[in-house]
Amino acid sequence: MTSNGRVVVIGAGPAGVALARRLGELGTPAVVVGEEEHRPYNRVLLAEVLAGRYAPEAIALPVPPGLVRGRVVGIDRAARQVRCADGSVLGYGTLVLATGANPVLPPLRGLFARGNGFPEGVHAFRTMDDCLGLSGAVRPGVRVVVVGGGLLGVSAARALAVRGAQVVLAQQAERLMEHRLDPAASALVLRHLTDLGVEVHTECRVRGVRCAGGAVRSVELADGYLLDTDLLVLTCGVRPRTGLAEDAGLAVRRGVLVDDALRTSDPHIHAIGDCAEHAGTVYGLAAPALEQAGVLAEVLAGRTDSRYTGTRSLTRLTLAGGPHPPFDLAAFGETEPRAGDDVVRLTDATRGTYRKVVVRDGRLVGGVLVGALGTVGALARAWEGEEPLPADGGPPLHLLTHDGGS
């Protein structure tokens, strides 16, 4: 099948769907190839589905008009064709890789005792199928070990706890969400989880999985201690999904290398989202993926002056669901000061809130907020604008308190 100038997008996640929608608005329809059977959905909200706050259909995305169900297994760059697992072939004029990322699976003894499949009761947490499988296994009182204390692990542990599970979270680092939060904010996340009954172990390495009858029965820690469990949830991060690009001979480091036009080493192939690496950065967040989709849509529609120069992204997490009050946090930029930086902190132990900004050379360079996020919009705008702050030191404090905080 030939293509002329047709745009084919591999991946029906938020980035691929946003690109197709914007291309349609610009008069350049695209064919989107998605391998999941589900309607496209917002992956960021999977923990809310697990918590029971949303039904799966509530996080669905608009279905692109040109959506094709299938799994792409190869790219023929010379013929400008992609080959699908069912034997079908799609020709393209321009190909876009929006293949996302795969979960990182830790090298645990016994994890693949049944060949390529997990033992019964072991779950990754990346896709809708992962979420629905785990949700179907959860019941009040079930014992769950969550491995990984980053953004996804904290979200999953909270969701499982509000479903009534007995949750143990094992984090190899010395504190929760150590890549995104400072120690004070991490401590508030820890307090929130323990208040929900989650047992948190930091500086704790999981070594193996012990099974009986093909099902997980316990998790072995590095010191030999065994945690009895009914379910094991792996939330150890993600890795860009670059297999198709590598097999096709495209330039890949951590992700598929792209320039400011989101173009790979093949001028007819672009990449966006979690699989792409731009200027040495793989973002792995929703906001950069959507910004890349918007820029690429304009590039492919002929607006050659459109360029992607990077995203200054804010991480925001709302832990909700169940009878407990929601727990909000946000972090952006550099949350740890360098020597000579100015730092403004406001803490309210009673309300469990914490606000901090870092100012360098008169500019806001980062911040972290836990609870009472009324100031986050003003702070994000001040950070994204990179405008000099007045020298009297007042504005950062004003930004932290203008919503009535004290």
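Worth knowing before you read on, the calculation uses all heavy atoms, side chains too, and leaves out hydrogens, waters and symmetry mates. Count residues from 1 along the sequence.
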side-chain contact (heavy atoms from CB on, under 4.5 Å) test vs V167 passes for just one of V200, L160, L196, namely L160

Which of these, V96, L95, I269, sits in a side-chain contact (heavy atoms from CB on, under 4.5 Å) with I10? L95

Do you know which two heavy atoms are closest between [X] and [Y], and how far apart they sit?
| X | Y | answer |
| --- | --- | --- |
| A173 | T202 | O-CB, 3.5 Å |
| T242 | C275 | CG2-O, 4.1 Å |
| C131 | L46 | SG-O, 3.5 Å |
| A276 | Q292 | CB-OE1, 4.4 Å |
| T335 | V358 | O-CG2, 4.0 Å |
| V17 | P40 | CG2-CB, 3.7 Å |

Is a donor on one side and an acceptor on the other found under 3.5 Å between the side chain of D195 and the backbone of H192? no

Looking only at atom types and distance, does a side-chain atom of Y41 sit under 3.5 Å from a main-chain N or O of M128, one as donor and one as acceptor? yes

Can Q172 and E203 be said to form a side-chain contact (heavy atoms from CB on, under 4.5 Å), step by step? CA-CA 5 Å; Q172 187 167 332; E203 298 183 276; over 6 Å; no

Approximate separation, where rounding is to 0.5 Å, of [X] [atom1] and [Y] [atom2]:
| X | Y | atom1 | atom2 | value |
| --- | --- | --- | --- | --- |
| F112 | L105 | CZ | CG | 4.5 Å |
| L317 | L181 | CG | CG | 9.0 Å |
| L50 | H123 | CG | NE2 | 10.0 Å |
| R6 | L90 | CZ | CG | 5.5 Å |
| L193 | R158 | CG | CZ | 8.5 Å |
| T229 | L232 | OG1 | CG | 6.5 Å |

Validation row: [X], [Y] side chains within 4.5 angstrom (heavy atoms):
| X | Y | value |
| --- | --- | --- |
| L379 | L364 | yes |
| E336 | P183 | yes |
| L234 | P106 | yes |
| E36 | T127 | yes |
| V82 | V89 | no |
| V344 | V359 | no |

According to side chain to side chain donor-acceptor pair (under 3.5 Å), who are the partners of [X], at least two apart in sequence or on a separate chain?
| X | result |
| --- | --- |
| T315 | R180 |
| D247 | none |
| H38 | D129 |
| E174 | none |

Pairing of [X] and [Y] as salt bridge, 4.0 angstrom limit:
| X | Y | answer |
| --- | --- | --- |
| R53 | E48 | yes |
| R69 | E37 | no |
| R360 | E334 | yes |
| D274 | R126 | yes |

Decide salt bridge (charged side-chain N to carboxylate O under 4.0 Å, His left out) for K356 and D182; before the verdict, give the C-alpha distance in whole Å, the side-chain angles of both, and the deciding distance to 0.1 Å. CA-CA 9 Å; K356 165 186 163 183; D182 69 354; 2.9 Å; yes

Does a side chain donor of either [X] or [Y] reach within less than 3.5 Å of an acceptor in the other side chain?
| X | Y | result |
| --- | --- | --- |
| D228 | S218 | no |
| S186 | R175 | yes |
| H268 | R77 | no |
| Q166 | E199 | no |
| S88 | D86 | yes |

Please enumerate all residues that pass salt bridge (charged side-chain N to carboxylate O under 4.0 Å, His left out) together with R363, with sequence neighbours excluded. none

Who are the salt bridge (charged side-chain N to carboxylate O under 4.0 Å, His left out) partners of R39, not counting sequence neighbours? none

Quick one: which residue pairs count as a salt bridge (charged side-chain N to carboxylate O under 4.0 Å, His left out) with a foot in residues 302-314, not counting sequence neighbours? E298-R303, R312-E386

Give every residue pair that meets the salt bridge (charged side-chain N to carboxylate O under 4.0 Å, His left out) criterion with at least one member in residues 374-385, sequence neighbours excluded. none

Donor-acceptor pairs under 3.5 Å, side chain of residues 251-261 to any protein atom, not counting sequence neighbours: which ones?
from, atom 1, to, atom 2, distance (Å)
R254, NH2, G280, O, 3.1
D259, OD1, A261, N, 2.9
D259, OD1, L262, N, 3.3
D259, OD1, R263, N, 2.9
D259, OD2, R263, NE, 3.2
D259, OD2, R263, NH2, 3.0
D260, OD1, H278, NE2, 2.8

Expected list for residues 138-157: side-chain donor-acceptor pairs under 3.5 angstrom, two or more places apart:
from, atom 1, to, atom 2, distance (Å)
R143, NE, D230, OD2, 3.2
R143, NH2, D230, OD1, 3.1
S155, OG, L151, O, 2.8

Check against side-chain contact (heavy atoms from CB on, under 4.5 Å), F327 and V370: CA-CA 8 Å; F327 181 78; V370 178; 3.4 Å; yes

Kindly indicate, with the supporting measurements, whether the criterion side-chain contact (heavy atoms from CB on, under 4.5 Å) is fulfilled by Y354 and R345. CA-CA 7 Å; Y354 172 74; R345 289 186 181 89; 3.4 Å; yes

Start with the C-alpha distance between D348 and T353, add both sets of side-chain angles, then the distance that settles side chain to side chain donor-acceptor pair (under 3.5 Å), and finish with yes or no. CA-CA 5 Å; D348 186 331; T353 62; 4.6 Å; no

Which pairs with one or both residues in residues 280-291 pass side chain to side chain donor-acceptor pair (under 3.5 Å), sequence neighbours excluded? E291-T311

Test log, rule side-chain contact (heavy atoms from CB on, under 4.5 Å), inputs L369 and F332: CA-CA 9 Å; L369 301 94; F332 58 92; 4.1 Å; yes

Could you work out, with ring pair (Phe, Tyr, Trp, His ring centres under 6.0 Å) as the rule, every residue matching F125, not counting sequence neighbours? none

